Amino acid sequence: MYALIDCNNFYASCERLFRPDLINKPVVVLSNNDGCAIARSNEAKALGIKMGDPYFQIKSLCKRNGVHIFSSNYTLYGDISHRVMSIIEESWNEDALEIYSIDEAFLDLKTLPEEQINTFCTNLRAKILKDVGIPTSVGIGKTKTLAKLANHIAKKCLKIPVFDITGHEYWLKHIEVNDIWGVGRQLSKRLNRQGVKTAYDLAQLNTHIVRKQYNVLLMRSVMELNGCDCIGLDDYAPKQSIMSAKSFGSMQTELWALEQALSSYVARVCEKMRQQNSKASCIQVFVLSNRFRQDLPQYSNAVNYKLVHPTDDVRALTSIAKRCLKKIFREGIHYKKVGFGVLEMVDKAHQQLDLLHTVNEDLLQKSNKIMSMIDGINKRFGKRSVHLLAEGFNRHWKLRAELQSPAYTTEWLELPMVYAR
DNA sequence: TCTGGGGTCCTAGGACCC
DNA sequence: TCTGGGGTCCTAGGACCC
């Protein structure tokens with residue numbers, strides 16, 4: 001048996017933690033650049049605000065209805081997520097636990113007697129609510145897909161905190177096929193055309209035919225809906241790729257502005273890469289114009305670069321990235337986005353030696369020392385306390401975040417204040 | 001005016017080999 | 001006129017997830 005613990009309207013719930021005045025009020029959290037709605041409290045959902053709605057389209061609706069709007073504050077959400085996950089880790093064996101996303105975790109409960117499962121989940125949920133203040137929903141089922149589905153039913157249909165779908169499979173007939181984990185827009189369109197409308201319809205399909213006509217992923221979904229566990233928990237694995245790319249606050253046309261932004265993304269990626277003890281062996285730089293402005297010339301391009309010597313040194317990667325950018329930069333384009341990513345990495349400890357090129361050990365050690373100093377300083381004194389000059393200082397290209405809440409839990413200066421009367 | 005970011009996995013098709 | 005067959009590996013692109 002699996003349980004899926006999912007935080008309710010996670011980002012919106014985080015914003016409410018330190019703003020109890022917002023309980024029972026509509027709350028919306030916007031994506032980067034204050035672009036789209038990416039989290040809504042139940043009250044905001046009830047107003048008809050959809051996931052991904054562009055802010056400028058719902059702005060007046062929000063104003064009329066007194067919706068509280070926040071720019072996204074990932075520092076806060078990351079920290080709260082960590083607290084929620086710590087409680088789950090304390091309560092359940094780490095080998096039977098998968099932190100699936102910032103607000104979800106799967107538990108493999110097969111070692112727990114079936115009659116205790118419901119109580120265990122109910123108690124765990126209560127503990128998270130009491131200790132962190134984040135409401136969660138728990139779905140229970142024989143497979144991960146069924147646990148996901150049970151979670152959906154708990155949240156959207158029954159509006160109860162914990163639901164075990166085992167023995168209640170008739171629910172499948174009431175669930176649209178696109179609400180199944182792994183069935184997205186394209187697949188559900190195709191399935192619908194073939195008369196497969198509900199989760200039940202999908203579960204009835206012949207797995208071999210599904211494998212042939214669709215793909216192995218959908219076949220697995222069919223099997224999982226029938227209670228056959230074929231996905232299982234994912235082990236923790238270091239990331240295979242790390243990207244950083246953000247839309248500009250306003251469109252940019254100058255190379256130097258793109259270079260500054262790119263440099264800051266390189267720094268971000270390098271930091272993450274060093275955290276997981278990896279080194280880059282293939283990188284990518286890409287640029288995009290604004291696809292919503294068809295009146296302007298459209299352009300997008302990307303360049304990949306393989307490194308002879310894998311590295312995690314921000315200085316080396318910044319200079320390579322800038323060279324790559326120069327190759328694909330075109331004059332006269334209004335750029336909306338530039339991005340940097342590491343596509344292939346090697347483990348720092350098990351690095352392949354190169355037959356033809358020798359590594360200068362002195363330089364390598366020096367580089368390691370400098371990188372760990374940078375990481376140390378930034379960890380202690382805050383992000384970007386030290387950075388390359390290439391990132392620039394005024395950063396006028398940076399994204400909008402005009403409605404951001406304080407870093408309540410991660411910055412001494414932004415701690416919530418409590419006044420005694 | 002304004003439209004997110006960061007991932008994973010699979011598949012088809014091309015290049016190459018014998 | 002007519003031009004094999006079977007395999008591997010790599011890559012780009014698509015679909016999906018939160």
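Below, read A as the first sequence line, B as the second, and so on, with proteins coming before strands; counting in each chain starts at 1. All values derive from a computational prediction rather than experimental measurement.
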Exercise for review: Assert yes or no for the condition that the ring centre distance of A/Tyr100 to A/Trp181 is strictly below 6.0 Å.
Suggested key: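 Yes.
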Check your understanding: What nucleic acid atoms does A/Tyr100 come within less than 4.0 Å of, heavy atoms only: base, sugar-phosphate, or nothing?
Key ->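 Sugar-phosphate contact only.
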Check your understanding: When all nucleic acid strands are considered with a 4.0 Å heavy-atom cut-off, which category describes A/Asp53: base, sugar-phosphate, or nothing?
Key ->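 Nothing, no nucleic acid heavy atom in range.
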Review point. Is the CZ atom of A/Phe18 crowded by more than 12 outside heavy atoms at less than 6.0 Å?
Key: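 Atom CZ in A/Phe18 is packed in, count exceeds 12.
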Review point. If you draw a 6.0 Å radius around NZ in A/Lys246, do more than 12 non-hydrogen atoms from other residues or ligands fall strictly inside?
Key: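 More than 12 within 6.0 Å, yes.
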Check your understanding: A/Ser71: what forms a side chain to side chain donor-acceptor pair (under 3.5 Å) with it, not counting sequence neighbours?
Key ->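 Residues passing side chain to side chain donor-acceptor pair (under 3.5 Å) with A/Ser71: A/Asp34.
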Exercise for review: Could you check if a side-chain atom of A/Arg330 sits within less than 4.5 angstrom of a side-chain atom of A/Asn301, using non-hydrogen atoms only?
Suggested key: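 Yes, close enough: below the 4.5 Å cut-off.
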Review point. Hey, are the side chains of A/Tyr2 and A/Ile140 touching, using non-hydrogen atoms and a 4.5 Å cut-off?
Key: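 A/Tyr2 does not reach A/Ile140 side chain to side chain.
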Exercise for review: Using only heavy-atom distances, determine whether the side chains of A/Asn9 and A/Lys45 contain a donor-acceptor pair under 3.5 Å.
Suggested key: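 Yes.
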Exercise for review: Let me have DNA chain B in dot-bracket notation, would you? Count Watson-Crick plus G-U wobble pairs, both distances under 3.5 Å, and use [ ] for pairs crossing earlier ones and | for inter-strand partners.
Suggested key: ....||||||||||||||
Revision key, fill the gap. Counting primed atoms, P, OP1 and OP2 as sugar-phosphate and everything else as base, the B/S/- map of nucleotides 1-13 of chain B against protein heavy atoms under 4.0 Å is -BBSSSSSSSS--
Check your understanding: Is the A/Tyr74 ring parallel, tilted or perpendicular to the A/Tyr11 ring (thresholds 30°, 60°)?
Key ->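 A/Tyr74 vs A/Tyr11 ring planes: perpendicular.
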Review point. Between A/Leu109 and A/Cys121, what is the shortest heavy-atom contact and its length?
Key: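 Distance-wise, the nearest heavy atoms are CD1-SG, 4.1 Å.
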Review point. Can you tell me how far C1' of C/dC16 sits from CD of A/Glu104, to the nearest Å?
Key: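 A/Glu104 atom CD is separated from C/dC16 atom C1' by 14 Å.
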Review point. Checking side chain to side chain contact (heavy atoms under 4.5 Å, CB included) for the pair A/Gln284/A/Met243: CA distance, chi angles, key distance, verdict?
Key: CA-CA 9 Å; A/Gln284 180 179 69; A/Met243 309 285 296; 4.1 Å; yes
**Study point:** A/Lys142 NZ to A/Thr166 OG1 distance, which is reported to the nearest 0.5 Å
**Key:**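 The OG1 atom of A/Thr166 is 6.0 Å from NZ of A/Lys142, to the nearest 0.5 Å.
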**Study point:** Residue-level proximity of residues 180-208 of chain A to DNA chain C when a heavy atom falls under 4.0 Å
**Key:**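 A/Ile180, A/Trp181, A/Gly182, A/Val183, A/Gly184, A/Arg185, A/Gln186, A/Leu187, in order of number.
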Point to revise | Whole-angstrom distance between C/dG4 and B/dC16, as gauged at atom C1' | key: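 My reading of the C1' atoms in C/dG4 and B/dC16 gives 16 Å.
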Check your understanding: Quantified in whole Å, what is the P atom distance between nucleotide C/dC18 and nucleotide B/dC2?
Key ->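 30 Å, rounded to whole Å.
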**Study point:** Partner set under ring pair (Phe, Tyr, Trp, His ring centres under 6.0 Å) for A/Phe56, not counting sequence neighbours
**Key:**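 Ring pair (Phe, Tyr, Trp, His ring centres under 6.0 Å) check on A/Phe56 returns nothing, list empty.
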**Study point:** Donor-acceptor under 3.5 Å (A/Gln298 side chain, A/Arg293 main chain)
**Key:**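 Yes: the side chain of A/Gln298 pairs with the backbone of A/Arg293.
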Review point. For DNA chain B, which residues in residues 131-159 of chain A have a heavy atom at a distance below 4.0 Å?
Key: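 Close to the strand, none.
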